[in-house]
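In this chain, numbering begins with 1 at the start of the sequence shown. Both ligands and their constituent atoms are indexed starting at 1 by order of listing. Source: prediction; values computed, not measured.
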Amino acid sequence: MITGKNYIGVDTSAKNSRTYSTFNPKLNKPTEWIFHEASKEEVNAAVEKAAVAFETYRTFSDRKKAEFLKAIASEIESLGDELISVYVQESGLPEGRAKGERGRTMGQLRAFATLLEEGSWVEATIDTAQPDREPLPKVDLRKMLLPIGPIVVFGASNFPLAFSTAGGDTASALAAGCPVIVKSHPMHAGTGELVASAIAIAAKKTGMPDGVFSNLNSSDLEVGQLLTVHPKVKGIGFTGSTNGGMALYRLASQRKEPIPVFAEMGSINPVIVLPSALEQKGSEWATQYAGSIMLGAGQFCTNPGLILGIKGQALDSFVATLGSEIEKLDPTCMLHPNIYEGYEKGKKELSSQPKTVEVASHNGNVAPNFAQQKVLTVSAEDFLANPVLHREVFGPFSIVVQCKDKEELITVTQELEGQLTGTILGKETEIKTYTEVVNALVNRVGRIIFNGVPTGVEVCPSMMHGGPFPSTTDSRFTSVGTSAIRRWVRPVSFQSWPSELLPEALRNNNPLGIMRLVNGEHTKQKI
Ligand code: NAP
C-alpha cells in the first residue's frame, strides 16, 4: 500500500506538510497518491543512520550481503500486480514493459548476489615479503577493494524500476558494502515507495543494520542538494539530464571533501551507415531503425538520434524508406507532461535550425503527452558548423547527416561529443577500408555495435554502459552490469599485517577460495 511517507531506514516518516502527487500521463491527470516531501531533518536522519549502518554493513561477509540482495529481489516479486499497476499509471508505459523491467531489476540484484558469492571481485592482490632481498628487504603488501561509504542514488525518470530505487546503482552500491539513500524520482514516487518497502522488509529479514537503505521523497531540487553536500555522503549515482547531472557534479566537487559523482546524462548514439549496408539491405536497415527510434517513445539513453552516411542515391533511398516507415508507426505516450514538453521544445528548436530539411514527421491528432516522431536531414558541413544540432532530443527524433565523402565522414566522427554507443552498419570486407572511421568512433563511445541497433542494453559482466563526457562524468566506469560495483569501492593496501588479522580475502589460507593475484600469478592456491 502506498502511504506517501519517506523511509528513514526501516522507519516511515512524514514530518513535512509539503506534499505532491505523481501524474498519469495517459489519463492526463494526477494520480490518487499524495507524497510528503522529505524535510531537512529527515534528510539528516537518513544520512546519519546510513553512516552508522556503514560501520557494521562494511564488515559483513559477501555471502551475507548476497542474501540481502536476493531477499530484495524476492520481496519485489512479492509486491505482485500492485507494483505493475502503479508503475503503469505513473509512467504511461505498457504493462509488458513494466513486467520486463521488473524481471531485469530482480535479475540485476541476483547477478550482484552471484558476484558476491563467487567473491573474486575484490581483486585481492598479494606480494609476499622478501626479507633477504638486496640491497633492501621487500615488505609484505596485500591489496583489495573496500567500500567508500554512504551513497546517494538519483533514480532515472525513464526506468522506474531498473535504474531507480532498487536499480543498478542501488544494487551495485549495496553489493560493494555501501548503504544507499535514494532521492526518489518525483515522476514515479509510488513505484519507488513500493520498492522501498520491499527493501525494508528484506533488510529486516536478513539482519541488515537499520539505515542500510533509505528512500526520500522530493519534487524539487532541495533534498538532492542537501544530500549531495552532506559531509557523511561519500558518492553519488545519477541518471538524467545534462543540466541535472552537471549541477550535482559541480556541487559535489565544491564540497570541503569533494566526492565522486557518476552521472549518466544521455547521448545521441551515432550510427554510421557504410555504402555496402545501403546497397545490400538499405531498406531493411531503414525499417529497423524506424522501430528503434520509436522504441519506448524514444525515451532510451541509447536511442539512435544521429545517422551518418555518404551522399548518393543509396543514402537518398535509405532516407526515403526511413521516413515512410517511421510515419507508419503510431505515436506512444511519454512519461510525463514535463518530458513531453521538453521533447516538443527540443524538436522545435532543432527543426528551426537553418539548412535542416524535414524527412518525416507525424502531424495527425494524438492524445495528450503522446510523442509525434520527427526525422530531419542536414549536410555534414552544416552539422559541423552548428552545435545546436548535436544536442539530444529525448524522444522519437533523429537526424540523418549527409557527408560528401569518406574524408568528411571521418571528420564528423572525430568531432562528435562523447557518446554511450556508436554503431557501424556495413559488410565485414568494407570495414577494413574504413578503419579511420572505426577508430574515430571507438574514441568517442563506450560501446561500439556492428550491424545492429543501440537500443537494448544487456545486463552482463562485459557490458559497458558509459562513455566519454558529456555522456557521463567518468568514462572509466559502467552503470550497467556487474562491473558497476567498481564505482563504490577504493583499493586499500595492507602492509606487513599478520595473516590472521587481515580481511579474509587476503589471508594466507585463502578461506574464501577466491582467485587472487599472488606474486604476479592468478591463483586460488593458499600461500
Ligand atoms: P533531471 O531533470 O535531470 O532529474 C533527474 C533527477 O535529478 C530528479 O530526481 C531531479 O529532482 C534531480 N535533479 C535534477 N537537477 C538537480 C539539481 N540541480 N539539484 C538537485 N537535484 C536535481 O531528469 P528527468 O526529470 O529524469 O528527465 C528530464 C530530462 O532528462 C529528459 O527529458 C531527458 O532529456 C533527460 N534524461 C536523460 C536520461 C539518460 O538517458 N541519461 C534519462 C532520463 C532523462 P527533481 O525532479 O525532484 O527536481
Side-chain angles (χ1 to χ4, degrees), residues 18-23 25 35 37-38 43 90-91 93 152-160 162-165 167-169 181-189 191-192 215-230 233 236-252 254 261-269 295-305 334-347 349-350 369 371 391-397 418-421 446 454-455 457 465-467 469-473 478-480:
R18 270 177 49 220
T19 59
Y20 62 97
S21 291
T22 48
F23 197 86
F35 300 92
E37 290 270 352
V43 169
E90 290 188 327
S91 69
L93 295 167
V152 171
V153 170
F154 291 79
S157 55
N158 57 342
F159 279 88
F163 280 81
S164 286
T165 323
D169 285 352
I181 302 145
V182 167
K183 191 291 203 185
S184 170
H185 199 290
M187 292 179 194
H188 43 74
T191 309
N215 184 56
L216 300 177
N217 294 326
S218 140
S219 67
D220 67 19
L221 307 182
E222 197 191 357
V223 167
Q225 292 171 349
L226 287 170
L227 286 166
T228 305
V229 299
H230 197 295
V233 167
I236 309 278
F238 171 93
T239 307
S241 66
T242 308
N243 284 346
M246 287 312 294
L248 295 171
Y249 181 82
R250 287 190 198 101
L251 206 55
Q254 284 159 9
V261 174
F262 299 100
E264 196 244 277
M265 302 176 291
S267 170
I268 52 174
N269 304 298
L295 199 68
Q299 303 166 120
F300 284 122
C301 36
T302 53
N303 192 54
M334 297 198 92
L335 295 157
H336 192 273
N338 291 353
I339 301 273
Y340 170 77
E341 278 155 28
Y343 172 60
E344 283 298 317
K345 188 166 166 248
K347 189 170 77 169
E349 195 173 1
L350 267 72
N369 307 316
R391 279 191 206 153
E392 180 185 27
V393 177
F394 194 66
F397 177 89
Q419 309 285 341
L420 295 171
T421 76
T455 40
V457 183
H465 189 67
F469 184 83
S471 65
T472 73
T473 45
T478 178
S479 57
V480 175

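- Residue-ligand proximity: Met187 is placed with a non-hydrogen atom under 4.0 Å from ligand 1.
- An N or O contact shorter than 3.5 Å is missing between Ser184 and ligand 1 by distance.
- At a 4.0 Å heavy-atom cut-off, ligand 1 touches Ser219 through the backbone alone.
- Donor-acceptor pairing under 3.5 Å is lacking for the side chains of Asn269 and Thr302.
- Residues Pro454 and Thr421 come closest through the heavy atom pair CB-OG1, 3.4 Å.
- Of all heavy-atom pairs between Cys301 and Glu264, the closest is CB-OE2, 3.5 Å.
- For the residue pair Ser241 / Asn243, no side-chain donor-acceptor distance below 3.5 Å is found, with atom types taken as modelled.
- When heavy-atom distances to ligand 1 are checked against a 4.0 Å cut-off, Asp220 comes that close only through its backbone atoms N, CA, C and O.
- The two residues Val223 and Asn217 come nearest to each other via the heavy atoms CG2-O, 4.1 Å.
- Distances shorter than 4.0 angstrom occur between a heavy atom of Pro186 and an atom of ligand 1.
- Here's the thing with Thr239: none of its N/O atoms is less than 3.5 angstrom from an N/O atom of ligand 1.
- Every atom of ligand 1 is numbered from 1 in the order shown, and the set under 4.0 Å from a heavy atom of Glu264 is 39 (C), 40 (O), 41 (N).
- Counting the atoms of ligand 1 from 1 in the order shown, those under 4.0 Å from a heavy atom of Met265 are 41 (N).
- Checking only distances, Gln225 does come within under 3.5 Å of ligand 1, N or O to N or O.
- Atoms of ligand 1 found under 4.0 Å from any heavy atom of Cys301 (numbered from 1 in listed order, with element): 39 (C), 40 (O).
- With atom 18 (N) of ligand 1 as the reference point, the heavy atom nearest to it among Ser241, Gly346, Ser471, Ala247 is part of Ala247.
- At least one donor-acceptor pair closer than 3.5 Å links the side chain of Asp220 to the backbone N or O of Glu222.
- Of the protein's heavy atoms, Gly244 CA, 3.3 Å lies nearest to atom 15 (N) of ligand 1.
- Checking side-chain atoms of Ser184 against main-chain N and O of Gly192 turns up no donor-acceptor pair under 3.5 Å.
- Not a single heavy atom of Tyr343 sits under 4.0 Å from any atom of ligand 1.
- Counting heavy atoms under 4.0 Å from ligand 1, residue Phe300 does not touch it at all.
- The CE atom of Met187 sits 10.0 Å away from the CG atom of Asn158 when rounded to the nearest 0.5 Å.
- Checking only distances, Gly240 does come within under 3.5 Å of ligand 1, N or O to N or O.
- In summary, the aromatic rings of Phe300 and Phe159 are positioned with their centroids under 6.0 Å apart.
- With values rounded to the nearest 0.5 angstrom, Gln419 atom CD is found 11.0 Å from Thr472 atom OG1.
- Of all atoms in ligand 1, listed by their number and element, those nearer than 4.0 Å to a heavy atom of Gly266 are 39 (C), 40 (O), 41 (N).
- Contact between Gly342 and ligand 1 is absent, with no heavy atom of the residue lying under 4.0 Å from the ligand.
- Closest to atom 44 (C) of ligand 1, if we only count protein heavy atoms, is Ser157 OG, 3.6 Å.
- Against a heavy-atom cut-off of under 4.0 Å, Phe154 is close to the following atoms of ligand 1: 7 (O), 12 (C), 21 (N).
- Protein heavy atom nearest atom 9 (O) of ligand 1, with residue, atom name and distance: Lys183 NZ, 2.9 Å.
- Considering Leu221, Ile339, Leu335 only, the shortest heavy-atom separation from atom 13 (N) of ligand 1 involves Leu221.
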